[in-house]
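If you're wondering where the values come from, they're calculated on a predicted model, not measured in any experiment.
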2 protein chains.
Amino acid sequence: MKATITDVAKQAGVSMKTVSRVLNNEPNVAKATRDRVMEVAASLQYRPNLAARGLASSKSYLIALLYDNASASYITNIQRGAIEACRRNGYHLLLEPMPYEQANSPEAEILLGRLGVDGVILTPPLSDSVVLRDILRRLDMRHVAVAPNKMDDVHAVRMDDAEAAFQMTTYLIEQGHRDIGFILGHPNHGATASRRLGFEKALNEAGIKLNEDWISAGDFSFRSGVQAAEHLLSNPDNRPTAIFASNDDMAAGVMSVAGRLGISVPEALSVCGFDDTPIAQIIWPQLTTVAQPIHKMGFKAASILISRDNPDDPKICTLDFELIIRESTLGGPLLK
Amino acid sequence: MKATITDVAKQAGVSMKTVSRVLNNEPNVAKATRDRVMEVAASLQYRPNLAARGLASSKSYLIALLYDNASASYITNIQRGAIEACRRNGYHLLLEPMPYEQANSPEAEILLGRLGVDGVILTPPLSDSVVLRDILRRLDMRHVAVAPNKMDDVHAVRMDDAEAAFQMTTYLIEQGHRDIGFILGHPNHGATASRRLGFEKALNEAGIKLNEDWISAGDFSFRSGVQAAEHLLSNPDNRPTAIFASNDDMAAGVMSVAGRLGISVPEALSVCGFDDTPIAQIIWPQLTTVAQPIHKMGFKAASILISRDNPDDPKICTLDFELIIRESTLGGPLLK
DNA sequence: TTGTAGGCGTTATCAG
DNA sequence: CTGATAACGCCTACAA
């Protein structure tokens, strides 16, 4: 049979409350007592029972990560960060996939209701669902959104997607490009609008007229990048000299089409992406992109949930991004 | 305040035990009673408290997924499968990363000890650690290994890696290749040895003498594939006509080197990988590879842990693989 | 600095 | 078929 707190208490000749105090690092325990308890606990291989602890304290020491079919690299990075924060505080991370469509349905409330966790991390595009955030609020569950857009009603960890897209576009313009194509992300994602905004703002400030025809739909998938590129590059006499895809997978799609059409990258076409996923360094030429601090975002999100201070006052944490310049954009018109 | 089982019992005019019976689908409840309880429970938005249930039944309804830095796509697929099985049974999946080196240290026992889950899924390379499996047995924790090699002392979900490598190599030989290079995986992974075994067996049966020089070290990373390819392709007068990489990332590395050296794939060099990760369809030409039923493995693994039958008799479940032939190998010597 | 009593919300036992 | 009552292992109050 497994040792319980009572066993430890008996062996150590103290009350169970004292053992509890020692185990939870509470003050007001004599050092000698503390040491003795620790010793006995170790010798008995005592492990606190999470369920019992949870029942008594009405805490579960569990955090749930809610996600839709985000890219594998994105989701694993968020996970790593969140788990790191959990480990430091004796928490564990639960995985809960939830299709975006379901977020607006009654099922969502049921699923969340039985979850019984201390907090929930929402990742895009779920973090953009107002309905979902309402449900969470109604259920009185702490939650934090990992999201690109500003929200003042919830805790949020974000990155300034618009600013990043602005800077990237400005960089392309500085390379001499004036004919720049843009591939949109999945319409459900808030990031899609933000990135487009930054793109358009940069063109605007540079006095370049927006060519609506060169803004092409996409959904963050490689395949959609291929289709968008086929559209953007279809007219040999009038095509962009640079294409900014809203993520790396779609940028890879562009490169693949360029290769097939004999358009050499970066000499005849500059390509850049967003996210700095592993693929950015695997394709050739390597991809210019925006590195998001995804790992750190996961860490921050979990930390906010775990910390007990000011649970009410919504806090927004904006993290830095970084432009990663690689070969795929080193061939702008200015170089010719 | 949240509704408890007692509230439901009062409202429905029955005892809490009866409510409990209804909720757990136990027999011996009159249909009328059952319906009434269900109704009240719904109207009260009653959700059973996991901690309380866990305490009383000494079950946590939690399964942990233990993993090292497996590839993002591998780990997310396992996750999806495992979660699916969990959901069907009211379980949840906990994520526990653990570096392979740590698996042999005392920390592992501590971490696992406090985990308090009903079962553990081990993924490669952790599933190959005898020490880790011993710890789990000592802690009396149910576990199932997702692993390529045969083990008769634990529950295991596996795929016949050796056979898959054998078939793939045989396929290459049938295409007319006799000079075939092989890139090994990470030495910590049991899959590495199995795949090599299958490769060598195929050469053997075809009466082709093994060229040790053409078996190159790797570690499953893209970078290591690049290095291995640089080695294998270094001598223009004597190089393999096909390279079989132990996974897709390394195969992508090979293609990248081939591109740089002006060796066209598949005309001058056939390349194949293993795993059928997304990258296999993103690189060009698309990669011939082995599709593992990773999702299904995760599902099976979780199902075994959840099911309560024959918990002692170790069961091994071998799943099917599939050879996926794509462009990267459609240029063997026979075609010329 | 330490201990005692009571309860957290379920499930299990055993009687009706 | 149903119900009272006792665990389950820990934490929170409140005493001492």
Side-chain angles (χ1 to χ4, degrees), chain A residues 1-38 40-41 44-62 90-92 113-118 140 308, chain B residues 1-38 40-41 44-62 89-92 113-118 308:
Chain A
M1 211 49 216
K2 260 182 132 179
T4 75
I5 201 172
T6 334
D7 300 329
V8 178
K10 260 187 221 146
Q11 281 251 353
V14 297
S15 79
M16 51 182 280
K17 177 59 209 175
T18 300
V19 177
S20 170
R21 274 195 265 264
V22 172
L23 265 49
N24 295 303
N25 277 316
E26 284 172 37
N28 297 333
V29 181
K31 175 142 179 23
T33 318
R34 182 179 298 271
D35 290 347
R36 187 150 33 88
V37 170
M38 289 294 258
V40 174
L44 252 45
Q45 299 219 326
Y46 169 74
R47 321 266 182 230
N49 177 317
L50 277 188
R53 172 182 286 186
L55 181 56
S57 64
S58 65
K59 289 211 283 178
S60 65
Y61 295 92
L62 250 33
Y91 275 69
H92 295 281
R114 9 178 126 265
L115 213 45
V117 296
D118 292 345
D140 201 30
R308 286 238 126 292
Chain B
M1 211 51 214
K2 261 180 133 179
T4 75
I5 200 172
T6 334
D7 301 330
V8 178
K10 259 186 223 146
Q11 282 251 354
V14 296
S15 79
M16 45 184 285
K17 179 59 203 173
T18 300
V19 177
S20 171
R21 274 196 267 263
V22 172
L23 266 47
N24 295 301
N25 277 315
E26 284 172 36
N28 295 334
V29 182
K31 175 140 178 25
T33 318
R34 182 179 299 270
D35 290 348
R36 187 150 34 88
V37 170
M38 291 295 257
V40 174
L44 253 43
Q45 299 218 324
Y46 168 74
R47 323 266 181 229
N49 176 317
L50 276 188
R53 171 180 287 184
L55 179 56
S57 65
S58 66
K59 289 211 284 180
S60 66
Y61 295 92
L62 251 32
N89 298 278
Y91 276 69
H92 294 281
R114 357 179 131 268
L115 213 46
V117 296
D118 293 344
R308 286 240 126 293

message: Please classify the nucleic acid contact of B:R47 as base, sugar-phosphate, or nothing, using heavy-atom distances under 4.0 Å.
response: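 Since only primed, P, OP1 and OP2 atoms lie under 4.0 Å of B:R47, the category is sugar-phosphate.
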message: Using a 4.0 Å heavy-atom cut-off, does B:T33 contact any base of the nucleic acid, only the sugar-phosphate backbone, or nothing at all?
response: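 Contact class for B:T33: sugar-phosphate only.
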Rounded to whole Å, please give me the gap between [atom1] in [X] and [atom2] in [N].
{"X": "A:I5", "N": "D:dG9", "atom1": "CD1", "atom2": "C1'", "result": "8 Å"}
{"X": "A:K59", "N": "D:dT12", "atom1": "NZ", "atom2": "P", "result": "8 Å"}
{"X": "A:N49", "N": "C:dC8", "atom1": "CG", "atom2": "P", "result": "18 Å"}
{"X": "A:K17", "N": "D:dT12", "atom1": "NZ", "atom2": "P", "result": "6 Å"}
{"X": "B:L55", "N": "D:dA7", "atom1": "CG", "atom2": "C1'", "result": "9 Å"}
{"X": "A:M16", "N": "C:dT1", "atom1": "CE", "atom2": "P", "result": "21 Å"}
{"X": "A:Y46", "N": "D:dG9", "atom1": "OH", "atom2": "C1'", "result": "7 Å"}
{"X": "A:N28", "N": "C:dT2", "atom1": "CG", "atom2": "P", "result": "9 Å"}

message: Does any part of the side chain of A:L44, heavy atoms only, come nearer than 4.5 Å to the side chain of A:D7, both counted from C-beta?
response: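 Yes, close enough: below the 4.5 Å cut-off.
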query: Hey, does B:L50 have a side-chain heavy atom less than 4.5 Å from the side chain of B:H92?
result: yes
Matching residue for A:M16 among A:I5, A:T4, A:V8 - test: side chain to side chain contact (heavy atoms under 4.5 Å, CB included):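 Between A:M16 and the candidates, side chain to side chain contact (heavy atoms under 4.5 Å, CB included) is satisfied uniquely by A:I5.
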Side chain of [X]: nearest nucleotide among [options]?
{"X": "A:T4", "options": "C:dG9, D:dC11, D:dC10", "value": "D:dC10"}
{"X": "A:N24", "options": "C:dT1, D:dC11, D:dC10", "value": "D:dC11"}
{"X": "A:A56", "options": "C:dG7, D:dG3, C:dT2", "value": "C:dG7"}

task: Assign each of B:T18 and A:R53 to its nearest nucleotide of DNA chain D by heavy atoms, then name whichever residue's nucleotide is nearer the 5' end.
output: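 Its nearest nucleotide being more 5', the pick is B:T18.
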task: Mark yes or no for a side-chain to base donor-acceptor pair under 3.5 Å between B:R21 and D:dG3, with no hydrogen or angle criteria applied.
output: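 It does, because a donor-acceptor pair links the side chain of B:R21 to the base of D:dG3 below 3.5 Å.
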Could you tell me whether the phosphate oxygens of [N], OP1 or OP2, come under 4.0 Å of any side-chain nitrogen or oxygen in [X]?
{"X": "B:S15", "N": "D:dG3", "answer": "yes"}
{"X": "A:S57", "N": "C:dC8", "answer": "no"}
{"X": "A:S58", "N": "C:dC8", "answer": "no"}

Atom pair OG1/CE of A:T33 and A:M38 - distance to nearest 0.5 Å: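 Reported to 0.5 Å precision, the distance equals 13.0 Å.
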task: To the nearest 0.5 Å, tell me how far A:N24 CG sits from A:S57 OG.
output: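 One finds 9.0 Å between CG of A:N24 and OG of A:S57.
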